[in-house]
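Here the structure is laid out as structure tokens; the discussion comes afterwards.
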Amino acid sequence: MKLISKLSPSMMCADIGKIAETVRLFEEEGIEYLHIDVMDGVFVPNYTLGTDFCRRLRRMSSVPLDIHLMITEPEKKIGWFDIRPGEYVSVHAEATAHLSRALREIRAAGGRPMAALNPATPLSALDYVLDEIDAVLIMTVNPGFAGQKLIPSTLGKIADCRRFLDERGRGDIEIEADGNVSFENARLMREAGANLFVAGSSSVFAPGDLRENIRKTRSGI
Ligand code: DX5
Ligand code: ZN
């Protein structure tokens, strides 16, 4: 099953003073998702976007959110985000003792559950949640900051993940690559088997014209 490539620009990399203009341009360009990095300063050593940002962004844009929860005990906090039907919500397998409960909470809230794995976390963390997810988020950098460099082993991990899913009859489960999705890395990630791309500071939000950056990113995937 060949999954369609989709862009999910990382909004923590956006120019905060031009958010309204940026999301309007994204709508015109058919951007599929808006990636919202939520960090609690505990699971990762940083704070970024939060619940109010999600609410305000929904009022400004029709593009569905792709909310990346880098927070501990996410199963207790899904309700804080007013999840809308069709939104992706990813939770980290490393952030909770209750990954299944967190994924079920997302589904019950009308969202599309996504299991997120840090670079060192083996794919076996997915063994018993395949029937509870629509996608897997493969971190290609260690989470917490934009502007980092791709961890080379994660390209192989994307390919291993695609094979892992296909061998279990789950060719329908999407793979999102998140971290240093540059113009060049995006192509390598697509070839490895990813179809969702968190485009941040090294592609869509790289210096230069936004529309041109979107075109260059899409040409590689
Ligand atoms: C990092 C976040 C990423 C980040 C991507 O923890 O999950 O979404 O914003 O930024 P770049 O593309 O600069 O790596
Ligand atoms: Zn992210």
Side-chain angles (χ1 to χ4, degrees), residues 5-16 19 22-23 26 31-51 53-54 57 63-72 74 77 81 87-95 102 106 111-121 133 135-155 157-158 161 174-190 194-208 210 213-214 216-218 220-221:
S5 288
K6 301 170 197 168
L7 281 185
S8 185
S10 176
M11 297 307 287
M12 75 179 270
C13 302
D15 178 340
I16 202 76
I19 288 285
T22 299
V23 293
F26 282 172
I31 292 292
E32 290 84 358
Y33 291 98
L34 301 179
H35 189 79
I36 313 295
D37 287 308
V38 179
M39 302 179 188
D40 65 2
V42 178
F43 181 66
V44 292
N46 197 0
Y47 296 99
T48 46
L49 311 169
T51 52
F53 183 84
C54 292
L57 203 54
V63 182
L65 304 188
D66 163 29
I67 302 172
H68 180 191
L69 296 179
M70 288 164 274
I71 64 177
T72 57
K77 304 164 187 172
F81 289 85
E87 290 184 343
Y88 262 129
V89 181
S90 56
V91 290
H92 273 264
E94 310 88 352
I106 295 165
R112 302 190 68 191
M114 187 188 300
L117 303 180
N118 284 338
T121 304
I133 58 174
V136 177
L137 186 160
I138 300 288
M139 283 306 302
T140 44
V141 297
N142 284 303
F145 302 92
Q148 300 180 89
K149 286 301 171 207
L150 172 83
I151 296 172
S153 65
T154 59
L155 283 175
K157 185 175 180 182
I158 291 172
C161 185
E174 301 189 283
I175 297 177
E176 182 169 70
D178 186 1
N180 192 209
V181 179
S182 65
F183 301 121
E184 175 51 25
N185 289 341
R187 187 178 58 77
L188 300 173
M189 293 161 171
R190 174 76 220 187
N195 75 291
L196 281 170
F197 301 90
V198 177
S201 64
S202 55
S203 51
V204 165
F205 290 114
L210 204 46
N213 285 351
I214 292 169
K216 277 173 69 177
T217 310
R218 285 210 193 274
I221 56 175

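Given the structure is predicted, the values throughout are model-derived calculations rather than measurements. Atoms within each ligand, like the ligands themselves, are counted from 1 in listed order. Values reported hereafter were calculated over all heavy atoms of this structure, with side chains retained and with hydrogens, waters and symmetry mates removed.
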Original post:
With a 4.5 Å heavy-atom cut-off, do L210 and F205 have their side chains touching?
Top reply: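 The answer is yes, as the side chains (C-beta and beyond) meet within the 4.5 Å cut-off.
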Original post:
Is there side-chain contact between Y33 and E176, with at least one heavy-atom pair below 4.5 Å?
Top reply: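 Y33 vs E176: side chains apart.
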Original post:
Name of the D178 N, O or S atom nearest the Zn ion (ligand 2)?
Top reply: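 Answer by atom name: OD2.
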Original post:
H68: which N/O/S atom is nearest the Zn ion (ligand 2)?
Top reply: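 The H68 atom nearest to the Zn ion (ligand 2), restricting to N, O or S, is ND1.
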Original post:
Between H92 and H68, how do the two ring planes meet: parallel, tilted or perpendicular, split at 30° and 60°?
Top reply: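 The rings of H92 and H68 lie parallel, inter-plane angle below 30°.
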Original post:
To the nearest 10°, how many degrees is the angle H35 NE2 to the Zn ion (ligand 2) to D37 OD1?
Top reply: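 Here the angle at the metal atom is close to 90°, to 10°.
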Subject >> I19/M11 under side chain to side chain contact (heavy atoms under 4.5 Å, CB included): CA gap, chis, key distance, verdict >> reply: CA-CA 9 Å; I19 288 285; M11 297 307 287; 3.9 Å; yes
**OP:** Run through ligand 1 for me and note each protein residue having a heavy atom under 4.0 Å from it, chain first, then residue number.
**Re:**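 Close residues (ligand 1, cut-off 4.0 Å): S10, M12, C13, H35, D37, M39, H68, M70, M139, P143, G144, F145, A146, G147, D178, G179, N180, V198, G200, S201.
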Subject >> Exercise: do N180 and Q148 side chains pair donor with acceptor under 3.5 Å >> reply: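 No, because no side-chain N or O of N180 sits under 3.5 Å from a partner of the opposite role on Q148.
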**OP:** Return yes if some donor-acceptor pair links the side-chain N/O of S90 with the main-chain N/O of A116 below 3.5 Å, else return no.
**Re:**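 Checked: no pair found.
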Original post:
Do the side chain of N213 and the main chain of A206 share a donor and acceptor less than 3.5 angstrom apart?
Top reply: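 Checking the backbone N and O of A206 against the side chain of N213, a donor-acceptor pair under 3.5 Å is found.
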